[in-house]
K.L.:
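Take this structure first; my questions come after.
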There are 2 protein chains.
Amino acid sequence: MEELVTLKHGAGGRAMRRLIEATLAAGFSEDGALEPESVGLAAMDDGAALRLGDRWLVVTTDSHVIHPVFFPGGDIGRLAVAGTVNDLAVMGAVEPMALTSAIIVEEGFRHADLARLQGSMRETCAEAGVTVVTGDTKVMGRGEIDGVVINTTGIGLTERVVPDCGLRPGDRLLVTGSIGDHGIALLARRHELDFEGELVSDVAPINRLIAAALEASVGGISAMKDPTRGGLASALHEMAEKSGVGITLHEPSIPVTPTVRSAAEMLGLDPLHIANEGKAIIGVRAERAEAVLAALRAHPLGREAAIVGACSAEHPGRVVLDTGLGRRLVSEVEGEPLPRIC
Amino acid sequence: MEELVTLKHGAGGRAMRRLIEATLAAGFSEDGALEPESVGLAAMDDGAALRLGDRWLVVTTDSHVIHPVFFPGGDIGRLAVAGTVNDLAVMGAVEPMALTSAIIVEEGFRHADLARLQGSMRETCAEAGVTVVTGDTKVMGRGEIDGVVINTTGIGLTERVVPDCGLRPGDRLLVTGSIGDHGIALLARRHELDFEGELVSDVAPINRLIAAALEASVGGISAMKDPTRGGLASALHEMAEKSGVGITLHEPSIPVTPTVRSAAEMLGLDPLHIANEGKAIIGVRAERAEAVLAALRAHPLGREAAIVGACSAEHPGRVVLDTGLGRRLVSEVEGEPLPRIC
């Protein structure tokens with residue numbers, strides 16, 4: 001039977017990884033074009049790292065297809081800048097050098113909305129300390145594309161690359177704040193659900209928060225990743241598998257706001273599977289975990305940071321949830337439950 | 001009245017430049033985040049150039065939205081790689097360091113077609129001597145995007161940046177081969193027109209051709225640009241305006257294949273306004289023009305290269321066509337006549 005692309009192939013989970021490995025990345029990893037120790041396509045990390053003298057040039061790209069374009073807590077412009085800045089940051093490039101911005105817009109889109117998105121991109125760039133240096137504009141006909149999509153590619157330099165595969169047994173796992181906010185806010189908005197309290201996306205550039213963590217860790221950070229599509233569960237599965245360690249999460253320690261918790265319950269969703277756009281998972285040697293936690297909490301974007309788990313040599317590649325009452329395996333979903341979340 | 005985006009805003013001509021200046025680029029150029037002499041967004045060049053030690057890091061991005069995805073002479077995968085490699089090359093970065101590839105695909109697209117596009121990207125990368133180091137995959141629902149679009153961003157290092165604004169009076173203008181092939185081939189294919197002879201796109205990475213020209217010029221190349229959307233006319237208008245020179249083209253010298261010429265005539269189009277995907281315009285000091293021409297013609301992709309015009313201090317910003325019988329102004333069109341040409 002002929003295989004066709006389905007929505008789950010874009011949802012950040014197992015299905016997407018399989019599609020990329022089978023078709024889009026096939027062959028490139030065998031080209032041997034990169035120097036040893038470089039991070040290339042085969043690593044399937046948040047970006048690539050290329051040797052440049054005694055430093056590393058980190059490169060990352062993302063196309064943003066979120067719907068709706070304006071959502072509670074942000075818009076596609078802010079998302080595009082923050083998403084790319086954060087991908088650079090979790091690889092260790094916390095001072096982004098430059099961004100590119102390539103916009104595809106549907107015929108009939110309002111000039112005023114484009115200008116609003118551009119203003120939002122510029123504000124978010126200022127927060128992150130970066131600028132857009134080059135761009136591209138394409139227009140597609142009515143019905144050929146839904147609204148607007150924005151690709152941002154980021155470059156940055158770092159002396160030390162932090163991979164997503166460096167976890168070792170004994171390492172502690174931190175998250176920089178509450179989880180599920182972005183996905184649940186989008187879901188509520190898209191389905192016009194009414195929940196008590198304010199549901200807003202957490203979309204934000206967190207490069208300066210991560211810089212503080214790196215400094216406090218004194219080289220003790222072993223791995224980082226931003227849990228976007230597929231949520232904490234997908235990101236942790238990927239980290240555990242690539243690092244060859246088992247992960248045990250302590251459920252009561254995982255920060256979830258009461259509003260997100262009750263909204264997720266009503267919708268039958270697990271916050272562990274929901275996308276975030278202003279959070280990072282940080283793996284750190286046990287002896288530096290408290291210092292990194294303190295540095296995160298001292299930053300406005302890290303006040304809810306928490307140590308949520310630890311790595312072990314047992315059950316490698318698996319993620320176990322300790323609920324406080326018992327233990328269960330965290331399933332790796334096929335993908336994010338909601339399409340076009342980022 | 002509320003202003004809306006129209007197809008001409010994506011067509012590479014005057015309308016697009018105005019939209020970008022008014023909304024998308026607004027503000028970024030005032031941020032002063034770049035070092036002096038850098039090429040940023042305000043330059044509206046083929047890419048950006050950032051100081052890195054004693055070299056320049058050139059960065060360029062393009063989203064490819066061509067329809068149909070497979071066309072005579074190429075496909076969107078080849079186009080994406082060649083387009084980005086060529087943008088780097090015309091800024092002087094003839095040895096691309098790395099590409100990123102971000103794909104947005106419509107639900108229902110065939111896996112086999114994705115694999116075919118990936119194979120085509122990989123082949124074109126091999127021709128250009130580059131590899132894809134990182135990527136992104138998004139899926140949009142049926143009817144939310146038409147087929148597949150691919151964003152490629154490229155980075156490369158160069159010791160000397162060649163801008164598109166460096167023309168001086170007396171410089172000669174070369175094109176590296178026949179013009180109009182890409183746009184006319186697409187138009188014929190899309191409208192199922194039957195023309196004598198074979199109409200195929202010229203899509204190809206020309207970084208090695210340009211490297212040969214740069215070497216032969218011994219520093220005499222003053223400006224380069226690849227005449228994609230909007231064709232030779234748009235690119236030359238932009239170069240003349242930014243450089244503050246007048247350009248006179250000698251029409252009989254401009255290489256156009258007989259098939260493209262007759263097809264364009266039947267369609268009432270001017271090959272000067274039609275997109276190319278494997279050509280460059282090169283401005284060179286008069287005394288090095290013949291040497292550069294010889295170097296171009298010695299390369300398989302430059303056999304039809306020609307000296308097509310010269311720059312003067314007269315009529316700055318204007319492009320004049322000397323037909324051999326008389327002279328007329330070359331109009332700058334609002335944009336490429338065919339949408340989704342690249």
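Source: prediction; values computed, not measured. Labels below follow one simple rule: chain letters A, B, ... track the order of the sequence lines, proteins then strands, and each chain is numbered from 1.
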K.L.:
Enumerate by number any residue of residues 78-99 of chain B whose heavy atoms lie under 4.5 Å from heavy atoms of chain A; in the absence of such residues, state 'none'.
P.N.:
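At a heavy-atom separation under 4.5 Å, chain A is reached by B:Met97, B:Ala98.
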
K.L.:
Select, from B:Asp113, B:Leu117, B:Leu157, B:Leu52, the one with the greatest count of heavy-atom pairs under 4.5 Å involving chain A.
P.N.:
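The residue among B:Asp113, B:Leu117, B:Leu157, B:Leu52 with the greatest pair count is B:Leu52.
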
K.L.:
Hey, which residues of residues 9-16 of chain A are touching chain B, say heavy atoms under 4.5 Å apart?
P.N.:
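So far as heavy atoms go, A:His9, A:Gly10, A:Met16 are the residues that approach chain B to under 4.5 Å.
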
K.L.:
Start with the C-alpha gap between A:Val5 and B:His111, add the side-chain angles, then the distance that decides, and say whether side-chain contact (heavy atoms from CB on, under 4.5 Å) holds.
P.N.:
CA-CA 6 Å; A:Val5 172; B:His111 281 211; 3.9 Å; yes

K.L.:
Check step by step if side-chain contact (heavy atoms from CB on, under 4.5 Å) holds for B:Asn151 and A:Thr153.
P.N.:
CA-CA 10 Å; B:Asn151 176 282; A:Thr153 300; 4.3 Å; yes

K.L.:
Among residues 53-66 of chain A, which residues come closer than 4.5 Å to chain B, judged by heavy atom distances?
P.N.:
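A:Leu57, A:Val59, A:Thr60, A:Thr61, A:Asp62, A:Ser63, A:Val65 fall under the 4.5 Å cut-off.
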
K.L.:
Compare every heavy atom of A:Cys342 with every heavy atom of B:Lys138, then report the nearest pair and how far apart it is.
P.N.:
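So the two residues come closest at CE-SG, 3.8 Å.
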
K.L.:
Where does A:Leu24 contact chain B at under 4.5 Å (heavy atoms): side chain, backbone, both or neither?
P.N.:
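It is both, since atoms from each part get that close.
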
K.L.:
Please determine, among A:Thr23, A:Ile103, A:Leu114, the option with the most heavy-atom pairs under 4.5 Å with chain B.
P.N.:
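Greatest number of close heavy-atom pairs with chain B: A:Thr23.
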
K.L.:
Under 4.5 Å from any heavy atom of chain A, what part of B:Ile104 do you find: side chain, backbone, both or neither?
P.N.:
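Only the side chain of B:Ile104 comes within 4.5 Å of chain A.
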
K.L.:
Do A:Glu2 and B:Arg110 pass the salt bridge (Lys or Arg N to Asp or Glu O under 4.0 Å) test, and can you show the C-alpha distance, the side-chain angles, and the key distance before you say yes or no?
P.N.:
CA-CA 7 Å; A:Glu2 191 174 61; B:Arg110 296 167 64 224; 2.4 Å; yes

K.L.:
Given A:Glu144 and B:Ile145, is the side-chain contact (heavy atoms from CB on, under 4.5 Å) satisfied, shown in steps?
P.N.:
CA-CA 5 Å; A:Glu144 293 178 348; B:Ile145 189 165; over 6 Å; no

K.L.:
Can A:Asp46 and B:Thr134 be said to form a side-chain contact (heavy atoms from CB on, under 4.5 Å), step by step?
P.N.:
CA-CA 8 Å; A:Asp46 303 279; B:Thr134 190; over 6 Å; no

K.L.:
Which heavy-atom pair separates A:Leu7 from B:Met140 by the least distance, and what is that distance?
P.N.:
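Heavy atoms of A:Leu7 and B:Met140 come nearest at CD2-C, 3.9 Å.
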
K.L.:
Is chain A contacted by the side chain of B:Val132, its backbone, both, or neither, given a heavy-atom distance below 4.5 Å?
P.N.:
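Both backbone and side chain.
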
K.L.:
Sort and list the pairs that fulfil ring pair (Phe, Tyr, Trp, His ring centres under 6.0 Å) and have at least one residue in residues 82-102 of chain A, not counting sequence neighbours.
P.N.:
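Non-adjacent pairs meeting ring pair (Phe, Tyr, Trp, His ring centres under 6.0 Å): zero.
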
K.L.:
For each of A:Gly77, A:Gly135, A:Ala22, tally heavy-atom pairs with chain B at distances under 4.5 Å, and name the one with the top tally.
P.N.:
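With the most close heavy-atom pairs to chain B, the winner is A:Gly135.
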
K.L.:
At a 4.5 Å cut-off on heavy atoms, which part of A:Met121 comes close to chain B: side chain, backbone, both, or neither?
P.N.:
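Answer is both: backbone and side chain atoms of A:Met121 are under 4.5 Å from chain B.
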
K.L.:
Is it true that B:Arg229 and A:Asp136 have a side-chain N and a carboxylate O under 4.0 angstrom from each other?
P.N.:
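Salt bridge between B:Arg229 and A:Asp136, a charged N being under 4.0 Å from a carboxylate O: yes.
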
K.L.:
In terms of heavy-atom pairs under 4.5 Å, which option from A:Ala102, A:Gly108, A:Gly47 contacts chain B the most?
P.N.:
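Heavy-atom pair counts peak at A:Gly108.
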
K.L.:
Counting only non-hydrogen atoms closer than 4.5 Å, does B:Thr6 touch chain A with its backbone (N, CA, C, O), its side chain (CB onward), both, or neither?
P.N.:
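Answer is backbone: N, CA, C or O of B:Thr6 sit under 4.5 Å from chain A.
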
